[in-house]
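What follows is a single structure, written as structure tokens, with notes after it.
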Amino acid sequence: MELERRQRAYDLVAIGRSSLDLYSNDIGAPFEEIKSFAAYVGGCPTNICVGARRLGLRSALLTAVGDDQVGNFILRFLAREGVETRYVARKPGYRSSAVVLGIQPPDRFPLTYYRDHCADIELTIDDVLATPLGEGRVLLITGTGLSREPSRSATLYAAELAREQGTMVVLDIDYRPDQWHDQRAFGVALRSALPLVDLVIGTEDEIKAAMLRDAGQVQVAHSQISDARVSGDVEEAIREMLRRGPRTLVEKRGARGSRIHQVSSENANGAPSCLEVPGFPVTVHNILGAGDAFAAGLLYGLLQGWDWYRAARLGNACGAILVTRHGCADFMPTYAEVMAFIEEHGGL
């Protein structure tokens, strides 16, 4: 995938959700026994914007917040981080969203979303038109942005405009089952976006969810909305996604690293090529936000002109660092931190 080299104002423009994240301070405690929370900022595109900025990219966020104190909290954090916020819309009458999270390592991370009547799902086509998408080298959209109107139309329209202006469109599948009235609708919405997308990023379960046609395929245990289990054949789902438009699909595999699947004219049977990229061994403290750190690292590498292996290896390192930390956006690694970590673990 060749990224256009001409100078643009932003390396990354992301559209979608933002939130106040309340993370349990009582590590290991069952959710009902939590005594206190730490307040951070979160939301998939927001986390990726912050992660990309800390690595050195110029990032801008198109989201919406309410005319409330939570919105002020989110905006102040983004301004401190150097993320461009001039395209963040205020939506009077709607609330900035919030998430409450428990942390029970190694494998229970329950969360509850507060997104009823939330501001970022009210993003409109007019909000998109007010954002210079042609000034970004990459546009990042997310699955949750497709969950309801008017955000769905705004997200799809942003992808259309970006492609017309030579901007690479990246889709983070961002599957959150409780944000959909019908799990089959998630698959329908994701598949409708694929012809507009150059690169897809998702976990094995998210990839299967994008192709699901039976709501019974989805299982959520211990309120782990961000880690739903989806049955099905992931290899077939990968082939089907790549048949629908994207040239590349990056599969996040946690401790196992990542796999890069690409449309290949060299395979006589039409099967995509697959490149496996190893991860980094660490002790897991909290998995939430690790996939967003991975995406930030991957996009940084691609925007520097690195090959897929090296870019994904950097993404793996960013994700590995984040699982050792308490939260999401507030704990994204800097370029110096991630390069020191990589050097300690054998290099790229």
With a cut-off of 6.0 Å (strictly less than), are more than 12 heavy atoms of other residues, nucleotides or ligands near [atom1] of [X]?
{"X": "Arg76", "atom1": "CZ", "value": "no"}
{"X": "Arg95", "atom1": "CZ", "value": "no"}
{"X": "Arg148", "atom1": "CZ", "value": "yes"}
{"X": "Asp116", "atom1": "CG", "value": "no"}

Closest approach of [X] to [Y] (non-hydrogen atoms, all atoms of both residues):
{"X": "Cys49", "Y": "Leu12", "result": "CA-CD2, 4.2 Å"}
{"X": "Asp120", "Y": "Ser97", "result": "OD2-OG, 3.5 Å"}
{"X": "Asn47", "Y": "Gly42", "result": "OD1-CA, 3.3 Å"}
{"X": "Leu101", "Y": "Val99", "result": "CD1-O, 3.7 Å"}
{"X": "Leu133", "Y": "Leu139", "result": "CD2-CD1, 4.0 Å"}
{"X": "Asn316", "Y": "Pro278", "result": "ND2-O, 2.9 Å"}

Applying side-chain contact (heavy atoms from CB on, under 4.5 Å) to Val250 and His261, what does each step give before you reach the verdict? CA-CA 6 Å; Val250 177; His261 306 276; over 6 Å; no

I would like to know whether Ser273 and Ser264 meet side chain to side chain donor-acceptor pair (under 3.5 Å); could you show each step before the answer? CA-CA 6 Å; Ser273 64; Ser264 175; 4.8 Å; no

Contacts of type ring pair (Phe, Tyr, Trp, His ring centres under 6.0 Å), residue His117, not counting sequence neighbours: Tyr94

Would you please classify the geometry between the Tyr87 ring and the Tyr10 ring as parallel, tilted or perpendicular, with 30° and 60° separating the classes? perpendicular

Mind telling me whether Tyr175 and Phe186 have parallel, tilted or perpendicular rings, with 30° and 60° as the class edges? tilted

Under 4.5 Å between side-chain heavy atoms, hopping through other hydrophobics if needed: is there a path connecting [X] to [Y]?
{"X": "Val200", "Y": "Val230", "result": "yes"}
{"X": "Met241", "Y": "Val188", "result": "no"}
{"X": "Trp180", "Y": "Ile121", "result": "no"}
{"X": "Leu129", "Y": "Leu196", "result": "yes"}

Show the numbers, then the answer: is there a salt bridge (Lys or Arg N to Asp or Glu O under 4.0 Å) between Arg244 and Glu240? CA-CA 7 Å; Arg244 291 171 177 264; Glu240 181 61 24; 2.8 Å; yes

Using 0.5 Å steps for rounding, measure from the [atom1] atom of [X] to the [atom2] atom of [Y].
{"X": "Arg137", "Y": "Arg8", "atom1": "CZ", "atom2": "CZ", "answer": "8.5 Å"}
{"X": "Thr324", "Y": "Phe341", "atom1": "OG1", "atom2": "CZ", "answer": "7.5 Å"}
{"X": "Phe31", "Y": "Gln104", "atom1": "CZ", "atom2": "CD", "answer": "9.5 Å"}
{"X": "Ile15", "Y": "Thr131", "atom1": "CD1", "atom2": "OG1", "answer": "7.5 Å"}
{"X": "Leu146", "Y": "Glu149", "atom1": "CG", "atom2": "CD", "answer": "9.5 Å"}

Qualifying residue for side-chain contact (heavy atoms from CB on, under 4.5 Å) with Ile103, from Ile287, Leu288, Leu111, Asn286: Asn286

Donor-acceptor under 3.5 Å ([X] side chain, [Y] main chain):
{"X": "Thr85", "Y": "Val88", "value": "no"}
{"X": "Asp330", "Y": "Val41", "value": "yes"}
{"X": "Ser96", "Y": "Gly66", "value": "yes"}
{"X": "Arg184", "Y": "Leu212", "value": "no"}
{"X": "Asp198", "Y": "Pro246", "value": "no"}
{"X": "Gln183", "Y": "Asp214", "value": "no"}
{"X": "Glu33", "Y": "Ala29", "value": "no"}
{"X": "Glu160", "Y": "Leu156", "value": "no"}
{"X": "Thr203", "Y": "Glu206", "value": "yes"}

Decide side-chain contact (heavy atoms from CB on, under 4.5 Å) for Ile173 and Ile201; before the verdict, give the C-alpha distance in whole Å, the side-chain angles of both, and the deciding distance to 0.1 Å. CA-CA 6 Å; Ile173 298 176; Ile201 303 173; over 6 Å; no

Selection residues 48-60 - residue pairs positive for side chain to side chain donor-acceptor pair (under 3.5 Å), sequence neighbours left out: Asp11-Arg58, Arg54-Glu81

Test ring-ring contact (aromatic ring centres under 6.0 Å, His included) applied to Phe37 and Tyr23, step by step: CA-CA 5 Å; Phe37 296 88; Tyr23 276 75; 9.3 Å; no

Within the 3.5 Å criterion, strictly below it, is a donor on [X] or [Y] matched to an acceptor on the partner's side chain?
{"X": "Asp26", "Y": "Ser24", "answer": "no"}
{"X": "Thr144", "Y": "Asp174", "answer": "yes"}
{"X": "Arg115", "Y": "Gln179", "answer": "yes"}

Under 6.0 Å from the six-membered ring centre of Phe294 and within 45° of its axis: does the NZ or CZ of Arg253 meet both? no

Ion pair check, Asp68 and Lys91, cut-off under 4.0 Å: no

Applying salt bridge (Lys or Arg N to Asp or Glu O under 4.0 Å) to Lys208 and Glu251, what does each step give before you reach the verdict? CA-CA 11 Å; Lys208 289 184 286 188; Glu251 178 188 356; over 6 Å; no

Check side-chain hydrogen bond (donor to acceptor under 3.5 Å, both in side chains) between Ser151 and all other residues, then give those that pass, not counting sequence neighbours. none

Compute the centroid of each ring, for Tyr40 and then for Phe77, and state whether the two points are separated by less than 6.0 Å. no

